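Below is one structure, written out as structure tokens, with a few remarks after it.
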Amino acid sequence: MPEIIERLKIEIKIPIIAGGLISDKKDIIAALSAGADAVSTTKTAEGLKAVKVLAKEGIKTNVTLIFSANQALLAAEAGASYVSPFLGRLDDINQDGVTLIADIVQIFENYGYETEIIAASVRHPMHVQHCALAGADIATVPYKVIMQMINHPLTAQGIEKFIADYKKVFGE
């Protein structure tokens with residue numbers, strides 16, 4: 001795979017017990033020591049408790065399955081390092097995922113949250129462009145979409161024309 005997609009996120013399910021205590025903290029620390037960038041949790045009440053505990057210990061967290069600006073706000077308030085709004089899944093149900101990214105960016109800027117926004121569930125090259133314009137910090141982009149971003153029909157046509165013009169001037 002190309003170097004640009006070499007940085008991978010390791011997701012770890014975080015077992016939670018009453019009071020927000022993490023039962024497998026040793027496993028989380030081991031994974032982080034092995035090179036994981038952050039611990040991922042879903043946007044649930046228990047997940048927010050885990051984020052709060054982990055943030056106090058300086059462990060980066062990513063709250064996934066964000067589908068509203070309010071969910072992102074709660075995650076940032078809990079101390080999440082990252083939030084992952086799933087824009088493609090919102091688009092699937094006729095809601096504008098890119099508008100959600102822009103709303104979260106605005107809220108975070110308004111209140112000075114340092115939480116970074118990971119645009120997730122990216123489905124096509126325009127998602128990447130629109131998320132970048134909206135202010136997303138990071139995007140999880142499938143290899144297929146990266147290849148669509150690299151290959152453009154007009155580029156291919158241009159290359160063919162350059163080759164044809166070369167052959168007219170210099171021969172085969």
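In this text the structure is predicted, and so the values were computed from the model without any measurement.
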Please name all residues satisfying side-chain hydrogen bond (donor to acceptor under 3.5 Å, both in side chains) with [X], sequence neighbours left out, ordered by chain then number.
| X | result |
| --- | --- |
| E77 | Y113 |
| H130 | none |
| N94 | none |
| K167 | none |

Tell me which donor-acceptor pairs under 3.5 Å the side chains of residues 96-106 have, and how far apart each pair is, sequence neighbours excluded?
unit_1	atom_1	unit_2	atom_2	d
D96	OD1	V98	N	3.1
D96	OD1	T99	N	3.4
D96	OD2	T99	OG1	2.5
Q106	NE2	N110	OD1	2.7

With side-chain contact (heavy atoms from CB on, under 4.5 Å) as the criterion, how do I117 and I138 come out once you've worked through the C-alpha distance, each side chain's angles and the decisive distance to 0.1 Å? CA-CA 6 Å; I117 301 163; I138 305 164; over 6 Å; no

Supply the atom-to-atom distance L65 CG to F86 CZ, rounded to the nearest 0.5 angstrom. 4.5 Å

To the nearest 0.5 Å, what is the distance between CZ (F67) and OG (S121)? 7.5 Å

Check the pair T64, Y82 against side-chain contact (heavy atoms from CB on, under 4.5 Å), reporting the backbone distance first and the verdict last. CA-CA 8 Å; T64 66; Y82 309 96; over 6 Å; no

Please answer whether the main-chain N or O of [Y] pairs with a side-chain N or O of [X] as donor and acceptor at a distance below 3.5 Å.
| X | Y | result |
| --- | --- | --- |
| E57 | L54 | no |
| T115 | S81 | no |
| Q95 | D91 | no |

Examine [X] and [Y] and state if one hydrophobic cluster contains both, with Ile, Leu, Val, Met, Phe, Trp and Tyr joined whenever side-chain heavy atoms are less than 4.5 Å apart.
| X | Y | result |
| --- | --- | --- |
| L154 | F162 | no |
| I163 | V169 | no |
| M149 | L133 | no |
| I159 | I150 | no |
| I146 | M126 | no |

If I compare all heavy atoms of [X] with all of [Y], which pair ends up nearest, and what's the gap?
| X | Y | answer |
| --- | --- | --- |
| L87 | A119 | CD2-CB, 3.7 Å |
| A80 | V51 | N-CG1, 3.4 Å |
| A120 | S84 | CB-CB, 4.3 Å |
| A72 | V83 | O-CG1, 4.1 Å |
| E116 | D137 | CA-OD2, 3.2 Å |

Those residues that, when tested against F170, pass ring pair (Phe, Tyr, Trp, His ring centres under 6.0 Å) (two or more places apart): Y166

Taking side chain as C-beta onward, heavy atoms only, is D92 less than 4.5 Å from R123? yes

